[in-house]
Amino acid sequence: MTLDRAFRLSSILLAATGFASLTLAIALPLWLLVLSGAAFAVALLRVNLPSGLSGVLQQVRLSALTWNIFLLLAFAGFWIDLLLISQELLPAGIHFLVLLLVNKLSNLDQRRDFLHLYAISLITLLASAALTTQIWYAPFFFIYLVAGVWTLLLYHLLQEHEESTGRHMLGNRTAPLDSTLPHMTARFFWTTNAMAAGAFGLTLFFFFSIPRVGVGLLQHSHGERLRTTGFSEQVDLGVMGPVKQDPSIVMRVELPDSPGTQSTRGPLYLRGVAYNRYDGKSWSNSLPHQRMLTELPQGTFTLRTPGAKPPAQARSLRQDILLEPLDTAVLFGAPLAFAVRGDFHSVQSDLMGSLHLAFPSHTRIQYTIYSAPTSLNPAERAAAAVLYPDFILQQYLHIPAVSPQIVDLAQRVTQPATSVSQAVTLIHTHLLGNYRYNLDVPSLQSAHPLEDFLLTRKTGYCEHYATAMVVLLRATGIPARLVTGFLATEWNEFGGYYTVRQRDAHAWVEVYFPRSGWITMDPTPPAPESIGQTWWQSAGRVMDSVRLQWDRLFVHFSANDQLTVVQGIREGGEAVRTKLSESLNSLSAQSAAMFRRFMSSFTSTGIPETVLLIILAIGATYAGRRLLRSSRNTAAPTDVLSAHQRTVVTLYTNMLHCLAQRGIVKSASTTPMELLRHVQEEWAEAWPFADALTQLYTRVRFGHDPLTPEDHSTAENLLRRLHTLERATTRSPQ
Amino acid sequence: MRFRRQQFISVATNNLQAQFRRLFLNRTIRVTREGIRFLLLTLAVGIAAVNTGNNLFYLLLAMMLSLVVLSGLLSEQCVRRLDFHRHLPDYLFVNQPTTATLRVANHKSRIPSVSLRLLDVVAGKDLDRGIHIAHLAPAASTRCSYPLLVRQRGPYRLDGIRIVTPFPFGLFYKKSFYPLEATLIVCPEIIPLPPLQLQELNALGQDHARARRGPGNSLYNLREFRPGDDSRAIHWMTTARTAKLMLKETEAEDRRSITVAISTVAPDEAENSFERALSIGASLIDHFLKDGYQVRLLLGDQQDILACETDQALPLFHALALCERRPMATGAAIRHSMARALAEWHEGPTILLSPWTDPVRNEQFPSADYIVSPQSHRELFNDTGSSLSA
């Protein structure tokens, strides 16, 4: 393939990559897609068609006037689009940009046309970067970078070729592609790809090095929020049902301090909102008052009051959460969260321990939550009766006017219990064993959903189970509340995190014990596990892991991450420095001890220590000087001949052999120049050949000139001719 | 020991300074038109990235910056480790084109040099000779020939070679200077002399020929044979007639001789005439040497130079190339010196070239057989095309 053809193809590829990424980022009108596709097709045909057909295609080109009218109409269309149709600058601008692209693709004649095409393709890539953060952007960016390196390089080489030969490749409509141009070789191909790889490496370096600053004058928030249910101020019983089929990812949760494999991990409860008031159909929070969390340095918000002793973080559960943009301001985390770290202006908490932002986030947010472990106090585990604070009794014992059968059921189930905790367990076990999990339950239409679940249908899902347990517990005088959130069960072994989806929305119960606090209980039977893991599911997890890394390393890379890297490098450097100094210290201590032992062995013989030191110093100095002198006097490294020098020595040796065969022998003491004079006297016909060979020999062997291929072939030719020469047997008379 | 340490430090410092100079002071970068547009686009992307804080904008910015850096790295590799050898003629004449050869060698073992443009650096200015090397493979060399035309007499100093490459993307011109000093002596222009005047000049001095004994064919004298004479020179016919051994003496085939004297005194306004006089002088020397004359050049108060054949003409032309016009204040001394020199030389006629016409001065050169001056030979001095700068 000639460089010219490669150049045109790479230019079209560059434009196509930008256009394709824009198409994926924003929905373009069908007519625009068709028009653009046609323009790309025509441009490709012009490059690849045989010369005859290409000439035909040239004949059907639209005139410059037609294209100018096209541009004017496109510009007018832009204003109509901006003012009347889309009424937004970005879509109108993108449509106009695509029309410009169509125009340029159809008129790639002059060098400036190609430059315009490159600028348009860059703007399309820029526009798609503004519209999306999806992972598919990464391969398009990579292809664009590679195509960009190819295109710029070929553009430059063709320009140089034009200037050196005076022939214009571009701008010549009638001439076919020039076949006399240099062709692309394998070496050129791989070298250019290596350049592209180098550019990619430099890109990554600059990307991670450029300080992140966001002025935010014209910041545009992007991304739609996921609609969630079950986290508002009032939740109707049964609202979670519809979302239980939705596989949309809500968040990803890493547990960096808790390594383990899937088999050792249990489900992770991610608490959202708690409710204490049930009116028979819906749950609500009668304690909506929220307070601001105390902000500590480094963006950490804590529930403790200033001056209070922080809980032991060593036993706490740290969760790094990447939360998708939701329509709720709730921050999810494991129960008993006591600290949050993230890029937030403020974090609030209500009286039931739920964490909230000031308003829902438009973008993905990343934060870390620290949660205390929950466990039932052993004394309370065995206690037959528990004394509850009045506040708890007032807020967490209320039950609506339910059927007496429910109250009777509660008493019947807890009758064998000898302790409060056993009563809780009995209710828990009763619900687990006597009811069937079923998502297909029309709760919203029912007037008494709880009675339907407990007494009639005996099927339901998490909300029914949790509501039933809370009501049954309260009926027996045990304070309890409903909690909604997510139950993370899907472990991504490739990325090392939990993938939490909409369908993982869950409701469970928290039971109050005065000393233990609120203990999590889940009366919902676990969902049947899927049989085996298909390769498709594994691939999906791999892709999700890649998507997470893309979000973390590229989309959400921030100044904090850069500081973390710098601190990590600094800490690593300090660690290395500390270890090195410790090693040196121990080495010097050992050496000192050995020296002391050595000295004491001599002084024990009666030689004064001072004299011994002087003798040792003199000896060391003498040895050092000997060493220094010997290193300086070391013979120069053997004269290693280079490949060129070896070749020229071979050529010269062949010449000497040839001369020797004709009776002119070079002795060891004869220099090349002296031999040359001898040849001139004895065999004048051979002198020109010998002179040229001797000059080449001295230049390469001693002058370190490179032996070029031309010189080599010339020398071989001279040798050949020397061999064919016959030396005259009689000398000419004086 | 201390001296050696100081020596080592000095050598190391010098090496570092040389490397710094080679790397930074001998390198210049100029942005091309495409490069300006690229940098403006990069700036726009950078502003967008800083404004929005969008990391994908930063990614695009990083890509553009990486292309800039890659361009710098690759262009630096292109212009490194090149070796130049210039082959120039020993001398050249004004307005006479000649061919210079430049041998370029790439000493890099793996990396080629691409898109090289070679410029001569003369008196600090870059002169484009149209030398363009598209590709120079690693460990390869190439020869480039280019025409050289100098328009000014005197030493023509070449400072070095400047390499310019826009490789790889044509965004920047990387320039590198390789010192390669060379000095050419540019001799005065050889101009065609009018045929009539040449005839006049050729006729000069014919009566100055003087017969003398020496090798030759013509008979000079017949005398008696003396012991020690060459027996082959015995003239047998005369010997038979006189009954004595008679020896034939032949006349020497004498070379014709001529002196070209050029006065170097001229006022500032006669600069062109002075240059023209030198050109005429060079042309005369060239003509007479080709005619087999022995030519002596007397240039102002300088030592006279003799040339017997064309191969010996170089010192004469060099002297003409390097001579300088002397102001009128020194005129008397120079005239006196010239007059004395001319008076002492008695072989052949003398042609005096005087760029400044002064009737009084002419009287001081009675030994001049032919005077060429702007007054007497206006047509020769009118065509002053040799004073253009190189």
Side-chain angles (χ1 to χ4, degrees), chain A residues 115 119 122-123 125-126 128-130 132-133 137-138 141 144-145 148-149 152-153 155-157 159-161 163-164 182 191-192 195 198-210 212-220 222 553-558 643-644 705-711, chain B residues 1 4 32-34 37-38 41 44-71 73-74 83 85 103 105-107 109 111-112 114-117 130 132-135 137-143 165-171:
Chain A
L115 292 178
L122 181 67
I123 295 171
L125 199 69
L126 200 63
S128 68
T132 185
T133 58
Y137 185 84
F141 172 81
Y144 188 88
L145 185 146
V149 170
L152 287 176
L153 179 65
Y155 179 90
H156 158 70
L157 291 177
Q159 191 177 17
E160 290 291 299
H161 180 79
E163 288 180 6
S164 65
T191 305
T192 309
M195 282 168 55
F200 183 67
L202 281 172
T203 300
L204 292 179
F205 171 74
F206 280 120
F207 175 77
F208 290 116
S209 305
I210 296 174
R212 292 299 188 270
V213 176
V215 175
L217 290 174
L218 289 173
Q219 274 191 358
H220 170 67
H222 56 273
L553 293 177
F554 290 92
V555 178
H556 288 99
F557 191 73
S558 66
H644 291 176
D705 272 4
L707 181 66
T708 63
E710 308 89 69
D711 288 338
Chain B
M1 191 70 169
R4 283 188 181 167
T32 63
R33 201 164 42 190
E34 287 84 1
R37 291 171 188 163
F38 187 85
L41 269 177
V45 172
I47 291 171
V50 169
N51 176 50
T52 60
N54 187 334
N55 271 318
L56 296 186
F57 283 14
Y58 278 104
L59 195 61
L60 279 173
L61 175 66
M63 178 187 75
M64 299 178 86
L65 290 176
S66 73
L67 291 178
V68 172
V69 170
L70 190 67
S71 175
L73 291 173
L74 292 177
D83 191 33
H85 288 281
R103 182 172 168 274
N106 181 8
H107 287 300
S109 57
I111 303 172
V114 185
S115 303
L116 298 179
R117 292 172 197 175
H132 187 207
I133 301 174
H135 180 266
S141 68
T142 185
R143 278 191 173 81
T165 180
F167 184 78
F169 304 133
L171 302 176

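For clarity, every value in this text was computed on a predicted model and none was experimentally measured. So you know, we letter chains A, B, ... as the sequences are listed, proteins then strands, and number each from 1.
- With a 4.5 angstrom heavy-atom cutoff, A/Tyr137 touches chain B only via side-chain atoms.
- With a 4.5 Å cut-off on non-hydrogen atoms, B/Leu41 touches chain A through its side chain but not through its backbone.
- Using a 4.5 Å heavy-atom threshold, the side chains of A/His156 and B/Pro168 count as separate.
- Distance check: B/Leu67 CG to A/Leu202 CG gives 9.0 Å after rounding to the nearest 0.5 Å.
- Contact annotation for A/Leu153: both backbone and side-chain heavy atoms come within less than 4.5 Å of a heavy atom of chain B.
- Between B/Met63 and A/Phe200, every side-chain heavy-atom pair lies at or beyond the 4.5 Å cut-off.
- Between B/Ser141 and A/Glu710, some side-chain heavy-atom pair lies under the 4.5 Å cut-off.
- Taking chain B as the reference chain and counting heavy-atom pairs below 4.5 Å, the highest number among A/Ser209, A/Gly198, A/Ala129 is found for A/Ala129.
- Contacts of B/Arg103 with chain A are made by side-chain atoms alone, with heavy-atom separations under 4.5 Å and no backbone atom involved.
- Of the listed residues (A/Ser558, A/Ala199, A/Gly201, A/Ala119), the greatest number of heavy-atom pairs within a distance under 4.5 Å of chain B belongs to A/Ala199.
- Side-chain contact between B/Asn55 and A/Phe554: absent, with no pair of heavy atoms (C-beta onward) separated by less than 4.5 Å.
- Interface summary for chain A: among B/Gly170, B/Ala48, B/Ser115, B/Ala139, the most heavy-atom pairs under 4.5 angstrom belong to B/Ser115.
- Heavy atoms of B/His135 lying under 4.5 Å from chain A are absent altogether.
- Contact count versus chain B (heavy atoms, under 4.5 Å) is highest, among A/Ile123, A/Leu126, A/Ile210, for A/Leu126.
- Here the CZ atom belonging to B/Phe57 is positioned 10.0 Å from the CG atom belonging to A/Leu125, to the nearest 0.5 angstrom.
- Residue A/Leu204: no heavy atom, backbone or side chain, is found under 4.5 Å from chain B.
- A heavy-atom distance below 4.5 Å is found between the side chains of B/Val69 and A/Phe206.
- Note that OG1 of A/Thr203 is 16.0 Å distant from OH of B/Tyr58, once rounded to the nearest 0.5 Å.
- For the side chain to side chain contact (heavy atoms under 4.5 Å, CB included) with A/Phe207, the qualifying choice from B/Leu59, B/Leu60, B/Leu65 is B/Leu59, the only one to do so.
- Both the backbone and the side chain of A/Leu145 come within contact range of chain B, judged by heavy atoms closer than 4.5 Å.
- Atom-to-atom distance recorded for A/Asp705:CG and B/Asp83:CG is 7.0 Å, nearest 0.5 angstrom.
- In terms of heavy-atom pairs under 4.5 angstrom with chain A, the leader among B/Ala140, B/Ala105, B/Ser66 is B/Ser66.
- Taken from OG1 in A/Thr708 to CG in B/Asn106, the straight-line distance is 12.5 Å, to the nearest 0.5 Å.
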Verdict with reasoning, A/Glu160 to B/His132, per side-chain hydrogen bond (donor to acceptor under 3.5 Å, both in side chains): CA-CA 9 Å; A/Glu160 290 291 299; B/His132 187 207; 2.9 Å; yes
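- The CE atom of A/Met195 sits 4.0 Å away from the CZ atom of B/Phe169 when rounded to the nearest 0.5 Å.
- Of the two parts of B/Ala134, neither the backbone nor the side chain holds a non-hydrogen atom closer than 4.5 Å to a non-hydrogen atom of chain A.
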